[in-house]
There are 2 protein chains.
Amino acid sequence: MKAQELNSWTQIREELLRRINERVWHPGDIIPGEADLAEEFGCARTTVNRALRDLAESGLVTRRRKAGTRVAINPPHKATLTIPIIREEVEGRGSIYSQSLLKRDKQTLPPHLHAAFPVSAADRLLYTETVHFADDRPFMFEERYTNLEAVPSFEAIAFDLITPNEWLVQNAPYTAGDLTFYSVNAGQRLARLYEALEETPLFVMERTTFNGDLPITHVRMTYGPGYRLRTRF
Amino acid sequence: MKAQELNSWTQIREELLRRINERVWHPGDIIPGEADLAEEFGCARTTVNRALRDLAESGLVTRRRKAGTRVAINPPHKATLTIPIIREEVEGRGSIYSQSLLKRDKQTLPPHLHAAFPVSAADRLLYTETVHFADDRPFMFEERYTNLEAVPSFEAIAFDLITPNEWLVQNAPYTAGDLTFYSVNAGQRLARLYEALEETPLFVMERTTFNGDLPITHVRMTYGPGYRLRTRF
DNA sequence: AATGAGAATATGCATGCACATAATATCGTG
DNA sequence: CACGATATTATGTGCATGCATATTCTCATT
């Protein structure tokens, strides 16, 4: 039955996937070792390893040295979320992008952000407030705290041609970050901006980025009514 | 300066990352070929390849055969979002999980879902409504349409011991899916469930899964007030 | 029976080599 | 000079091998 040899690692991955999906191997089962599979498929162990590593990355199998490889019991739903640059998101919808800087202040960090954005009170922070438009209609409202200790040259930038976000993406490398999504009511101010009721539910994305232990920027993005974040997996 | 040899692929990745972050190589630049780097680091080309592949996966460099490897210009913010099983999410917070099946009906698909969940009207659909509790407090409200043509045995399951979701995850393999996040007001019914005002903003996650072209299930999960979805990158 | 040292084993990683594949560069021919 | 065949080149992949490392298993010692 397994007469033909499978020698490309993608082919092997597909075959393994088939066996998992068709319950040849049941969830929780331990599957044959790399060496055995390599012999069965007529390929090198390295090749089987590549396939198994790929399956492990997507969470379909769990691997532990010596313990072997098992079919995951509750394969987690993993989705890779690509956070677009706001300009590209708007233009991707076929709209004209524009933006307007509402405020630009040196401020201290409000207390409720201390946990998410650990800068000492003494640090110099630049607060910027930007509205992003799609076809001249407000699309997203951005409130950002940027750590000038980490990015001194940020202070001198005029954000008429480039947005704070784009400047940071291109000039302030980060090594780690944190993304949070939640839901709020518009409230007085955003209701006026979006020409909606104060009770209108809005979608919020908060992002904090770090370079090593150094906090770079914290941004809250509150999207207009009806916004949906979507991804495929 | 580069006296010490780097021989593990993670070390090499870190060194390459450093050069990218510290602008030794600028965005858009072409970087030395695998063979050159291998010689410089005193390791095998395979090892450099592994490091570069990893960087390419995370989007920091783009690679094309013959053309070489370039530092990405706008490194995309990519985050992998792990959607947990609701039971594990609740138990991970140190709470006791429980659930209650409110409704179980054969229904036709409401019109507004036709785009997201392409089953013909004739298909048999099972609608289930479940409340998930954390320490006996409502945590999430789930409305699900399941395609019985795709998963016939789903009809016979009693969901007292296992949730519809867990059963499906374990018994109905999927090959693709779609995730959407947005924001709604609680409305009359959910306000009563969560003992909150009708205007309370709630976080919604919708998921559709497919096996090939065959739609499996569509679920809308409306979380309780204050819920935040969080991920690191 | 409890415990701890060491053997066994499955995966993880590095290497050197060969060949495949895609894209580009070059050069000869008309 | 235009154009297409061909060489060149950088990445992609497969293989055989050896060693590293994490776990588990076994068995002897107490």
Side-chain angles (χ1 to χ4, degrees), chain A residues 2-17 19-20 24-73 75-76, chain B residues 2-20 24-73 75:
Chain A
K2 200 108 306 306
Q4 68 170 349
E5 303 210 330
L6 306 175
N7 48 357
S8 104
W9 71 271
T10 47
Q11 280 171 26
I12 289 180
R13 184 191 52 193
E14 294 317 308
E15 170 62 14
L16 298 175
L17 225 155
R19 295 189 187 180
I20 291 172
V24 177
W25 298 322
H26 294 88
D29 276 8
I30 198 164
I31 75 178
E34 294 186 350
D36 299 335
L37 290 171
E39 195 186 357
E40 182 193 347
F41 295 141
C43 69
R45 189 169 75 88
T46 319
T47 311
V48 174
N49 182 290
R50 189 100 155 72
L52 282 172
R53 241 192 310 147
D54 198 69
L55 290 177
E57 262 174 38
S58 60
L60 263 87
V61 301
T62 58
R63 321 191 70 193
R64 272 169 56 225
R65 274 175 171 156
K66 163 72 184 174
T69 302
R70 293 175 174 281
V71 179
I73 300 186
Chain B
K2 199 111 306 302
Q4 68 170 351
E5 302 210 332
L6 306 175
N7 49 357
S8 105
W9 70 270
T10 48
Q11 278 171 27
I12 290 181
R13 184 192 51 194
E14 294 317 307
E15 171 61 14
L16 297 175
L17 225 154
R18 189 187 66 75
R19 294 189 187 180
I20 292 172
V24 177
W25 298 322
H26 294 87
D29 276 8
I30 197 164
I31 75 178
E34 294 185 350
D36 298 335
L37 290 171
E39 195 186 359
E40 183 192 346
F41 295 142
C43 69
R45 190 171 73 91
T46 319
T47 310
V48 174
N49 182 289
R50 187 100 156 73
L52 282 172
R53 242 192 308 147
D54 197 70
L55 290 177
E57 262 173 38
S58 60
L60 264 90
V61 302
T62 57
R63 319 192 70 193
R64 272 170 56 224
R65 276 175 169 149
K66 164 71 184 174
T69 303
R70 291 176 175 281
V71 179
I73 298 184

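Heavy-atom basis, side chains included; hydrogens, waters and symmetry copies ignored. Residue numbers begin at 1 in each chain, while the letters A, B, ... track the order of the sequences.
- You'll find that the side chain of N49(B) is closest to dG12(D), out of dG14(D), dT11(C), dG12(D).
- For the pair R13(A) CZ and dT13(D) P, the computed distance is 10 Å after rounding to whole Å.
- Look at CZ on R70(B): it is 14 Å from P on dA23(C), rounded to the nearest Å.
- Relative to the side chain of K66(B), the nucleotides dG14(D), dT23(D), dA23(C) differ in distance, and dA23(C) lies closest.
- An OP1 or OP2 oxygen of dA14(C) is reached within less than 4.0 angstrom by a side-chain nitrogen or oxygen of S8(B).
- Protein atom CD1 of I31(A) is 12 Å distant from nucleotide atom C1' of dA10(C), rounded to whole Å.
- Taking atom CZ on R64(B) and atom P on dA23(C), their separation rounds to 7 Å, with Å as the unit.
- Between the CZ atom of R50(A) and the C1' atom of dT13(D) there is a distance of 8 Å, given to the nearest Å.
- Atom CG of D29(A) is separated from atom CD1 of I20(A) by 10.0 Å, given to the nearest 0.5 angstrom.
- When distances are taken from the side chain of R63(A) to each of dT13(D), dG12(C), dG14(D), the shortest belongs to dG12(C).
- Taking only side-chain nitrogens and oxygens, T47(B) comes nearer than 4.0 Å to OP1 or OP2 of dT15(C).
- Put simply, CZ on R13(B) and CZ on R50(B) are 9.0 Å apart, with the number rounded to the nearest 0.5 Å.
- In plain terms, the two heavy atoms of V48(B) and C43(B) that are nearest each other are CG2-SG, 3.7 Å.
- In this structure, the nucleotide among dA22(D), dT11(D), dA16(D) sitting nearest to the side chain of E34(B) is dT11(D).
- A salt bridge does not link E57(B) to R53(A): none of the charged side-chain nitrogens sits closer than 4.0 Å to a carboxylate oxygen.
- Between R18(B) and E14(B) there is no salt bridge, since none of the side-chain N atoms of the basic residue sits less than 4.0 Å from a carboxylate O of the acidic one.
- No engagement by R53(A) is indicated, since no non-hydrogen atom pair under 4.0 Å with the nucleic acid exists.
- Taking atom CD of residue Q11(B) and atom C1' of nucleotide dT15(C), one finds them 16 Å apart after rounding to whole Å.
- Atom CZ in R65(B) sits roughly 15 Å away from atom C1' in dT8(D) (whole-Å rounding).
- Between T46(B) and L52(B), the residue anchored nearer the 5' end of DNA chain D, judged by the nucleotide with its closest heavy atom, is L52(B).
- Remark on DNA chain D: of its neighbouring residues R45(A) and A67(A), the 5'-side contact belongs to R45(A), judged by nearest-heavy-atom nucleotide.
- A straight line from CG of L37(A) to C1' of dG12(C) spans 16 Å, rounded to a whole angstrom.
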